[in-house]
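Shown next, in structure tokens, is the structure this report addresses.
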Amino acid sequence: MKSICIIPAFNEDKKILQKLINDTDEYVDKIVVINDGSKEKLRLINCMLVHNNINFGKGYSIKKGISYARNNKFDIVIFLDADYEHDPKCIPQFLKYFNKNNGLVIGKRKSYKTIKSNILNKWGNLWVKQIIKKNIDFSSGYRAIDMNSLKKL
């Protein structure tokens, strides 16, 4: 199965982003970074870099990445936040899931960068659990979906 990693980025630390790309490169077939109107021009290696002239938002950048994945016949799309809050070493576990099932995988964080985000995410997760009866990290930027499921959305 052909996999692609989409990384939306806005005013991210270049060194952290480059480390994320380097650490992700061995697990996927292609990495696309969508630079969403960052103030500084990004120059990165080991990835395809797409620039939005202005900041359109994360959702727009994700749509742009999905469109690229669809047009280039990728089977699985993995999304990673650009701040390295999620470990790329887990990508093989995501891909293993798709060998058994189709659908969506959402990564769950064990820790958060700040106390504020920890509290807000736990509060949000509590409400989401009331609605869908599953314990997920609803705001996780670490997700994977196969193209067939994506088409159904």
Side-chain angles (χ1 to χ4, degrees), residues 1-110 112-113 117 120-121 124-125 128 131-132 134-153:
M1 284 189 276
K2 197 171 153 188
S3 62
I4 185 170
C5 181
I6 306 296
I7 304 173
F10 176 67
N11 292 335
E12 299 294 340
D13 181 296
K14 287 185 260 184
K15 289 179 183 177
I16 291 172
L17 182 54
Q18 186 61 65
K19 180 172 176 20
L20 177 66
I21 292 163
N22 294 344
D23 292 351
T24 303
D25 191 43
E26 68 182 281
Y27 302 114
V28 296
D29 298 306
K30 182 131 187 148
I31 299 170
V32 177
V33 175
I34 312 290
N35 179 21
D36 191 28
S38 297
K39 291 174 186 170
E40 278 188 59
K41 263 299 201 209
L42 287 177
R43 288 186 183 89
L44 303 164
I45 58 170
N46 298 331
C47 70
M48 180 180 158
L49 187 57
V50 177
H51 295 280
N52 295 336
N53 292 330
I54 60 172
N55 178 253
F56 288 108
K58 185 176 182 180
Y60 180 88
S61 295
I62 287 172
K63 283 185 196 177
K64 200 170 190 177
I66 289 170
S67 184
Y68 178 86
R70 184 181 301 121
N71 292 338
N72 289 279
K73 312 256 187 273
F74 284 92
D75 302 303
I76 297 173
V77 182
I78 298 167
F79 302 97
L80 266 174
D81 283 345
D83 61 1
Y84 212 118
E85 193 170 59
H86 309 289
D87 191 348
K89 291 178 189 163
C90 294
I91 290 173
Q93 292 173 301
F94 278 43
L95 296 176
K96 184 177 177 184
Y97 174 84
F98 288 102
N99 289 331
K100 297 178 182 174
N101 305 292
N102 288 323
L104 172 70
V105 178
I106 301 174
K108 186 172 180 183
R109 291 171 277 201
K110 293 181 181 175
Y112 298 88
K113 288 192 172 205
S117 65
L120 289 173
N121 281 296
N125 289 342
V128 170
I131 297 166
I132 65 170
K134 293 193 183 218
N135 190 13
I136 65 166
D137 185 351
F138 84 100
S139 65
S140 174
Y142 201 5
R143 301 166 185 251
I145 189 166
D146 69 278
M147 226 13 119
N148 289 328
S149 296
L150 197 56
K151 288 176 188 174
K152 291 176 187 175
L153 292 176

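On a predicted model such as this, the values are computed, not experimentally measured, just so you know.
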Please find the pair of heavy atoms, one from [X] and one from [Y], that lie closest to each other, and give the distance.
{"X": "L20", "Y": "H86", "value": "CD1-O, 4.3 Å"}
{"X": "V28", "Y": "C5", "value": "CG2-CB, 4.0 Å"}
{"X": "N35", "Y": "E40", "value": "ND2-O, 4.2 Å"}

Interatomic spacing from [atom1] in [X] to [atom2] in [Y] - rounded to 0.5 Å:
{"X": "I31", "Y": "S3", "atom1": "CD1", "atom2": "OG", "answer": "9.5 Å"}
{"X": "N72", "Y": "S67", "atom1": "CG", "atom2": "OG", "answer": "9.0 Å"}
{"X": "I6", "Y": "M48", "atom1": "CD1", "atom2": "CE", "answer": "9.0 Å"}
{"X": "I34", "Y": "L49", "atom1": "CD1", "atom2": "CG", "answer": "8.5 Å"}
{"X": "L17", "Y": "L42", "atom1": "CG", "atom2": "CG", "answer": "6.0 Å"}
{"X": "I16", "Y": "Q18", "atom1": "CD1", "atom2": "CD", "answer": "12.5 Å"}

In terms of heavy-atom contacts, does CG of N71 have more than 12 from other residues, nucleotides or ligands at under 6.0 Å?
->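 Enclosed.
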Above 12 or not: heavy atoms from other molecules or residues under 6.0 Å from NZ of K63?
->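 Counting neighbours around NZ of K63, 12 or fewer heavy atoms of other residues, nucleotides or ligands fall under 6.0 Å, so no.
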Please determine which of D146, L95, I76, D29 meets the side chain to side chain contact (heavy atoms under 4.5 Å, CB included) test together with M1.
->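 Testing each of D146, L95, I76, D29 against M1, the sole residue satisfying side chain to side chain contact (heavy atoms under 4.5 Å, CB included) is I76.
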When you compare the side chain of [Y] with that of [X], does any pair of heavy atoms fall below 4.5 Å?
{"X": "M147", "Y": "D75", "value": "no"}
{"X": "F79", "Y": "I62", "value": "yes"}
{"X": "I4", "Y": "Y68", "value": "yes"}
{"X": "D36", "Y": "P8", "value": "no"}
{"X": "S61", "Y": "F56", "value": "no"}
{"X": "D23", "Y": "K89", "value": "no"}

Hey, is the main chain of I21 close enough, under 3.5 Å, to the side chain of D25 for a donor-acceptor pair?
->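 No.
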Give a yes or no on whether the backbone of K39 and the side-chain of N11 come within a donor-acceptor separation of less than 3.5 Å.
->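 Answer holds: yes.
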